[in-house]
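Reviewing the structure listed below.
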Amino acid sequence: MDRIYLTTPIFYINAEPHLGHTYTMVVVDTLARYWRSRGADTFFLTGTDEHGEKIAEAAAAAGESPKQFADRLSALFRSTWDECGITYDHFIRTTDPEHVRHVQEVVARVHERGDIYFGEYEGLYCTGCERYYTEKELVDGRCPDHRTVPDLRREQNYFFRMSRYQKQLVAHIEANPDWIRPERFRNEVLGFLREPLEDLSISRPKSRLTWGIELPFDAAFVLYVWIDALLNYTSAAAVRGGEFFARMWPAAEHVIAKDILKTHAIYWPTFLMSAGFPLYRHLNVHGYWTVEGQKMSKSLGNVVAPRDMIARYGRDSFRYFLLRESVFGLDADFREEALVGRYNGDLANNLGNLVSRTLSMVHRYFGGEVPPASCPESIDREVEDAFRSAEAEIDGHMSKLAFGRALESLFRATDRANKYIVETAPFTLAKSKSEMPRVGTILRVLVDALARSASLAAPFLPDTADRMVQLLGLPADATERYGADAASRIPPGHRVNAPVPLFPRLDAPPA
RNA sequence: CGCGGGGUGGAGCAGUCUGGUAGCUCGCGAGGCUCAUAACCUCGAGGUCGCAGGUUCAAAUCCUGCCCCCGCAACCA
């Protein structure tokens, strides 16, 4: 696999960025950094979803035009990701003119193909919600939100012949067992698909909503927001030209949260089939975060804002916690106390301390110059092997999105290096002059271990890797290439900087 | 018979698909070291893997039944 086109959902801008969005971003950013460092042709797409009824309403409530509102919120998302150090390649907005053009082109093609027809929809409509409900969604025949009895309404709209592609979709899912992963979500989709698919209403009359993309074949309607939103994925590739599209789009890896499984596993692929595009390579579905055991919600007031966490703990610590403490695909619980525990246990005591004690000894015993490995012993190899194993394990885990496991592997290696210091006791040997060559060799092994740690940690802990590289006196791009050869570029006599604690220990979680 | 997730040493979790000495982090107890961020290292205590049956040479893992917990209005990854 030498190509990868990574996507996050484009976030709907009726809420501010929170823990959930951030998790998705961190996951994809980590994948992007990882694949880039492995030399893969990598593209990372994110953005904002800005059309639709809810945005129009929210804008009105804020006393702004929809476009003004969208500009403001989109900028907020973008700046939040910039502050988090997210390395996206393209930030798409569904209000971008190129996107609008792409959407209209594709919708026109699907229409020409005969997969869009004009029809009438009859359903139970709640005027308060401005949407239709199915009988199942109603509570005692009333709108669950407004407690009112919905009207039976008819509306004429355009429909996408989703039903036409059901068989083909089921066949694809069955032929590609890991196309939707983890498996529980694949099973859920196959469950949906046991029932006949209904065609999808893909228009809204302008009499009801104007904040959307106009249908290319009927100016009286705008496109249903989900079709508009899903097409962001191909849109961003298409604007880069046909060659880019042909090369990268089939390597698409979508990362989403479980709430939008149906749109991505059913609406999207059937629409792609109709449009004549290849399907994406994988749909990767993750779970939700609870906060201190409770559902995160505005009404409970427990929404975790990424900016607050970064301000309090730093980017890498927050990021580390999200990756280390969750299993991709399962729900996870965010507890600040646990974050502090991870910070102290893994980042400060294990990795940070290894950096500290190694550099400290290089300075104390060799004036900051990396000594030559003039006196090797067999135990030295165990440290090198630990990092080599870690690298192989990380590769295995990353291909399965097992971020927590990957980090575990990395920290097993740094832990091995910490034990090595006690086992070889260079600080004891240093008391006798004749042992100094051996002391130097031990420190050389440790400096190499630091370089390797930085290299392996870079996708997960980018700031930390940069700081380690700086402390080691290596060029800033030293972590860009991944792998165990990271160490080989440090010649004897190379000067390293004096240690600065990477992760000052935190005593207690703030209240 | 609504759907889904979960029940593994004191806490939080992994392992369950592809049965075969029950693992990780934290906490706890004892000892050690001093290069280091009150860190680090070693050893130890602590589990009938929700319950009951079944399959098997062998079950946390597969099968059956049962019990308990959580989520399923909206916001929303």
Side-chain angles (χ1 to χ4, degrees), chain A residues 8-12 14-28 54 58 129 133 136-139 142-147 177 182-185 187-188 191 255-261 285-290 293-300 303-304 306 322 324-327 329-333 335 337-338 340-365 402 404-405 407-408 411-412 415 417-430 439 442-443 446 499-507:
Chain A
T8 71
I10 48 173
F11 302 115
Y12 206 53
N14 59 348
E16 299 198 353
H18 58 60
L19 176 64
H21 305 111
T22 312
Y23 174 68
T24 310
M25 289 305 275
V26 164
V27 161
V28 176
K54 285 177 191 160
C129 302
Y133 277 95
K136 240 175 109 181
E137 290 175 304
L138 298 174
V139 178
R142 290 165 182 270
C143 165
D145 213 8
H146 294 85
R147 300 274 150 206
E183 195 178 15
R184 47 160 58 76
F185 295 110
N187 294 338
E188 200 174 321
V255 176
I256 63 166
K258 63 184 184 182
D259 60 321
I260 49 177
L261 175 62
V285 188
H286 67 72
Y288 264 17
W289 283 87
T290 53
Q294 284 192 298
K295 193 171 173 175
M296 185 170 68
S297 74
K298 284 179 190 166
S299 37
L300 285 173
V303 175
V304 174
L322 295 181
R324 178 65 184 78
E325 200 73 4
S326 62
V327 176
L330 300 180
D331 289 356
D333 189 38
R335 284 180 305 128
E337 197 185 331
V340 172
R342 286 292 177 196
Y343 178 100
N344 283 332
D346 297 346
L347 298 177
N349 296 349
N350 187 336
L351 178 61
N353 193 35
L354 177 65
V355 172
S356 229
R357 58 203 309 208
T358 299
L359 294 182
S360 169
M361 284 189 281
V362 172
H363 274 268
R364 179 181 294 233
Y365 304 129
R405 291 311 186 106
L407 286 164
E408 231 176 88
F411 280 85
R412 237 194 319 278
D415 190 52
N418 270 318
K419 285 176 171 58
Y420 170 80
I421 296 179
V422 177
E423 287 162 354
T424 56
F427 41 85
T428 303
L429 298 177
V439 173
I442 291 165
L443 292 178
L446 289 168
V500 178
L502 291 177
F503 300 98
R505 211 184 140 80
L506 297 172
D507 284 325

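The sequence lines fix the lettering, A, B, ..., with proteins before strands; numbering per chain opens at 1. Any value given below was found using the heavy atoms of this structure, including those in side chains, with hydrogens, waters and symmetry copies removed. This one's a predicted model, so the numbers in the text were calculated from it and none came from an experiment.
- Distance from the side chain of A:Lys419 is smallest for B:U42 among the nucleotides B:A77, B:U34, B:U42.
- One interatomic measurement links the two molecules: NZ of A:Lys258 to C1' of B:C3, which rounds to 12 Å at whole-angstrom precision.
- Among the protein residues, A:Asp415 comes within range of the sugar-phosphate backbone only, with heavy atoms under 4.0 Å from sugar or phosphate atoms but none that close to a base.
- Among B:A77, B:U37, B:C35, the nucleotide with an atom closest to any side-chain atom of A:Tyr12 is B:A77.
- Nucleotide B:G71 is matched to B:C3 when pairs are restricted to Watson-Crick or G-U wobble geometry with both distances under 3.5 angstrom.
- A:Leu502 comes within contact range of at least one nucleobase, with a heavy-atom separation under 4.0 Å.
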Hey, mind stepping through A:Thr358 and A:Ile421 against side chain to side chain contact (heavy atoms under 4.5 Å, CB included) and telling me if it holds? CA-CA 9 Å; A:Thr358 299; A:Ile421 296 179; 4.3 Å; yes
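- Following rounding to the nearest Å, A:Asp346 (CG) and B:C40 (C1') show an atom-to-atom distance of 15 Å.
- Nucleic acid contact for A:Gly341: none, since no nucleic acid atom lies under 4.0 Å from a heavy atom of the residue.
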Checking A:Leu429 against A:Thr424 for the side chain to side chain contact (heavy atoms under 4.5 Å, CB included) test, could you report, in this order, the C-alpha distance in whole Å, the side-chain angles of both residues, the deciding distance, and whether it holds? CA-CA 8 Å; A:Leu429 298 177; A:Thr424 56; 5.5 Å; no
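- At the heavy-atom level, A:Asn349 lies under 4.0 Å from the strands shown only through sugar-phosphate atoms.
- Across all strands shown, B:U48 remains unpaired; no Watson-Crick or G-U wobble contact has both distances below 3.5 Å.
- Residue ring and base: A:Tyr288 counts as stacked with B:A77 (centre distance below 5.5 Å, interplanar angle below 30°).
- Side chains of A:Asn349 and A:Asn418 form no contact here, defined as non-hydrogen atoms less than 4.5 Å apart.
- Taking atom CZ on A:Arg342 and atom C1' on B:C13, their separation rounds to 9 Å, with Å as the unit.
- One can place CD of A:Glu337 at 13 Å from P of B:C13, the figure rounded to the nearest angstrom.
- Nucleic acid contact for A:Lys54: sugar-phosphate only, since backbone atoms but no base atoms lie under 4.0 Å from a heavy atom of the residue.
- You'll find that the side chain of A:Thr428 is closest to B:U34, out of B:U42, B:U34, B:C40.
- At the heavy-atom level, A:Pro426 lies nowhere under 4.0 Å from the strands shown.
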